[in-house]
Amino acid sequence: MIISWNTTNQCNMYCKHCYREAGAKADEELSTEEGKKLIEEIAKAGFKIMIFSGGEPFMREDIFQLVEHAKEQGLRPVFGTNGTFITLEVAENLKKIGAMGVGISLDSLSPKKHDELRCYEGAWQGAIDAMKNCKTAGLPFQIHTTVMDWNQEELEELTDLAVEVGAVAHHFFFLVPTGRAVTIEEESLKAEEYENVLKKIMMKQKEVSIELKPTCAPQFMRIAKEMGMELRFQRGCLAGTSYCIISPRGKVQPCAYLDMEIGNVREVPFDEIWNKSEVFHKLRTLEYGGGCGSCKYKKSCGGCRARAAFYHEGDYMAEEPWCLYHGRKGV
């Protein structure tokens with residue numbers, strides 16, 4: 001089980017695809033004590049991996065205290081970051097206090113293209129420097145790439161770069177129109193391109209020893225099975241079943257891209273929300289509509305629930321719209 005806490009809305013970048021619409025610090029973000037209480041409730045709910053993300057998590061002054069507390073609670077603290085704050089000293093400190101890994105965003109081999117998406121000059125070089133610092137400190141790191149129509153031909157070379165710089169994994173995040181990403185929805189891949197890119201990623205997995213994982217593209221589980229591949233993952237879409245996310249103000253939602261508040265940790269302890277939420281229980285039924293409901297892969301794939309909601313007027317149990325497999329219902 002894995003959970004992500006957007007520790008702050010504050011960020012030094014203004015990424016065009018940001019689901020959180022990060023930039024300025026939000027009013028009434030969870031305090032240090034509220035954060036520690038949340039971490040205890042997360043551990044009580046049975047979660048194992050805790051992602052500290054943002055905004056940019058390293059802009060939160062108490063971030064190291066929170067990581068230490070998560071480690072004390074038996075969680076595996078990891079990060080999602082743009083990397084620009086990870087100096088060698090920061091990397092060494094993270095290693096010392098028990099951080100288990102860092103995910104660093106890199107969207108192109110071209111510094112210009114990466115910086116343009118992130119609206120920040122020097123973002124690309126900052127990410128590369130962070131990787132080098134993590135490597136020197138002995139802190140495991142992986143590369144996170146947002147997949148767009150304009151960088152789909154770079155993905156395999158970005159994996160080669162990941163191998164070259166010593167990353168332990170390369171994760172691919174497929175765009176879901178949420179937050180600022182709504183304005184660039186036309187740059188996202190659709191059905192056929194989507195399927196082809198997933199096949200390329202799975203083929204590339206056969207060539208490299210590091211882990212390759214598509215995110216918000218649960219059909220990779222079906223494609224891997226069709227290709228005779230055995231993966232360590234049990235399921236594609238984890239929203240509400242073994243994953244959820246918490247906002248800087250304590251709002252709980254099934255995933256980063258399914259923007260619906262189903263509780264607030266300031267009002268109800270997180271472990272109670274996780275165990276009693278009607279939305280979570282509905283997601284766990286796997287009683288999907290359309291092709292997803294009749295698909296033999298629904299237990300291992302699940303379709304993207306956030307994308308289903310976006311394209312079906314909020315119906316998060318509807319059919320995933322980008323899947324080519326729908327025409328073969330019951331196959």
Side-chain angles (χ1 to χ4, degrees), residues 2 17 19 145-153 155-156 159 169-178 181 185-208 211-243 254-258 279-280 282-331:
I2 184 169
H17 61 294
Y19 66 85
T145 299
T146 299
V147 180
M148 317 280 278
D149 61 353
W150 53 264
N151 70 353
Q152 61 178 300
E153 299 302 327
L155 300 180
E156 291 155 294
T159 293
H170 185 193
H171 287 197
F172 306 86
F173 290 74
F174 284 70
L175 190 73
V176 179
T178 310
E185 188 270 342
E186 70 279 0
E187 295 181 32
S188 61
L189 303 183
K190 301 302 191 297
E192 189 169 347
E193 282 184 317
Y194 180 70
E195 182 98 353
N196 290 337
V197 168
L198 288 175
K199 287 179 179 177
K200 286 182 180 180
I201 292 171
M202 291 297 98
M203 286 298 294
K204 189 67 175 178
Q205 180 66 91
K206 293 183 176 183
E207 301 175 10
V208 297
E211 174 186 280
L212 306 186
K213 183 182 183 297
T215 296
C216 297
Q219 291 79 12
F220 85 93
M221 293 292 290
R222 165 181 54 83
I223 290 170
K225 289 184 179 182
E226 291 174 339
M227 295 171 65
M229 298 174 65
E230 292 292 330
L231 304 177
R232 72 175 181 88
F233 312 108
Q234 299 300 311
R235 184 169 167 77
C237 182
L238 305 177
T241 59
S242 58
Y243 172 82
C255 80
Y257 308 103
L258 193 51
V279 173
F280 284 156
K282 188 172 183 179
L283 284 164
R284 293 165 194 166
T285 67
L286 310 186
E287 294 174 357
Y288 308 128
C292 287
S294 59
C295 181
K296 73 174 183 178
Y297 291 107
K298 75 174 183 178
K299 289 185 178 179
S300 59
C301 171
C304 176
R305 295 300 96 213
R307 206 172 283 122
F310 180 82
Y311 290 101
H312 294 282
E313 300 181 342
D315 184 0
Y316 55 87
M317 298 300 284
E319 177 179 286
E320 149 79 71
W322 290 1
C323 182
L324 289 180
Y325 198 74
H326 289 158
R328 295 176 277 171
K329 294 180 181 180
V331 175

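Small disclaimer: the values here were computed from a predicted structure and weren't measured.
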**Message:** Using 30° and 60° as the class boundaries, would you call the ring planes of Y311 and W322 parallel, tilted or perpendicular?
**Reply:** tilted

**Request:** Return the set of residues passing side chain to side chain donor-acceptor pair (under 3.5 Å) with T145 (not counting sequence neighbours), or none when no residue passes.
**Result:** H170

**Residue pair R305 / C255, side-chain heavy-atom distance below 4.5 Å** = no

**Asked** Looking at side-chain heavy atoms only, is the closest gap between C216 and Y257 below 4.5 Å?
**Response** yes

**Asked** Can you name the side chain to side chain donor-acceptor pair (under 3.5 Å) partners of Y288, sequence neighbours left out?
**Response** R235

**Message:** Can you tell me which residue among Q219, Q152, K199 is in a side-chain hydrogen bond (donor to acceptor under 3.5 Å, both in side chains) with Y194?
**Reply:** Q219

**Request:** Check M221 against G236 and note the closest heavy-atom contact, atom names and distance.
**Result:** CG-N, 3.6 Å

**Message:** Evaluate R222 against C295 for side-chain contact (heavy atoms from CB on, under 4.5 Å), listing each step before the verdict.
**Reply:** CA-CA 10 Å; R222 165 181 54 83; C295 181; 5.5 Å; no

**Prompt:** Heavy-atom distance under 4.5 Å between the side chains of Y325 and E320, does that happen here?
**Reply:** no

**Prompt:** Could you state the interatomic distance from OG (S242) to CD (Q234), rounded to the nearest 0.5 Å?
**Reply:** 10.0 Å

**Prompt:** If we only count heavy atoms from C-beta on, is the F172 to T159 side-chain gap below 4.5 Å?
**Reply:** yes

**Complete:** In short, P218 meets G303 closest at the heavy-atom pair CG-C, 3.4 Å

**Message:** Between M203 and E156, is there a side-chain heavy-atom distance shorter than 4.5 Å?
**Reply:** no

**Message:** I want to check something: taking the side chain as every heavy atom from C-beta on, are C292 and K298 in contact at a cut-off of under 4.5 Å?
**Reply:** no

**Request:** Go through the structure and list residues passing ring-ring contact (aromatic ring centres under 6.0 Å, His included) with Y243, not counting sequence neighbours.
**Result:** none

**Pair E193 + K200: basic N to acidic O under 4.0 Å** = no

**Prompt:** If every non-hydrogen atom of L283 is compared with every non-hydrogen atom of A239, which pair is closest and at what distance?
**Reply:** CD1-O, 3.6 Å

**Complete:** Value for CG (L231) from NZ (K225), rounded to nearest 0.5 Å, stands at 9.5 Å

**Prompt:** Do I201 and K213 have side chains that get closer than 4.5 Å, going by heavy atoms?
**Reply:** no

**Request:** May I have the step-by-step check of side-chain contact (heavy atoms from CB on, under 4.5 Å) for E226 and Y297, ending in yes or no?
**Result:** CA-CA 11 Å; E226 291 174 339; Y297 291 107; 4.0 Å; yes

**Asked** For E211, which residues count as a side chain to side chain donor-acceptor pair (under 3.5 Å) partner, sequence neighbours excluded?
**Response** H171, R232

**Request:** Under the salt bridge (charged side-chain N to carboxylate O under 4.0 Å, His left out) rule, collect the residues that match up with K204, sequence neighbours excluded.
**Result:** D160, E207

**Request:** Could you tell me the separation between the CG atom of N196 and the CD1 atom of I223, rounded to the nearest 0.5 Å?
**Result:** 8.5 Å

**Those residues that, when tested against K282, pass salt bridge (charged side-chain N to carboxylate O under 4.0 Å, His left out) (two or more places apart)** = none

**Asked** Can you tell me how far the CZ atom of F174 sits from the CG atom of L198, to the nearest 0.5 Å?
**Response** 4.5 Å

**Item:** Test item: R307 and P321 side chains (from C-beta on) under 4.5 Å apart, heavy atoms
**Value:** yes

**Exercise: identify the closest heavy-atom pair between M317 and T285** = CE-OG1, 3.9 Å

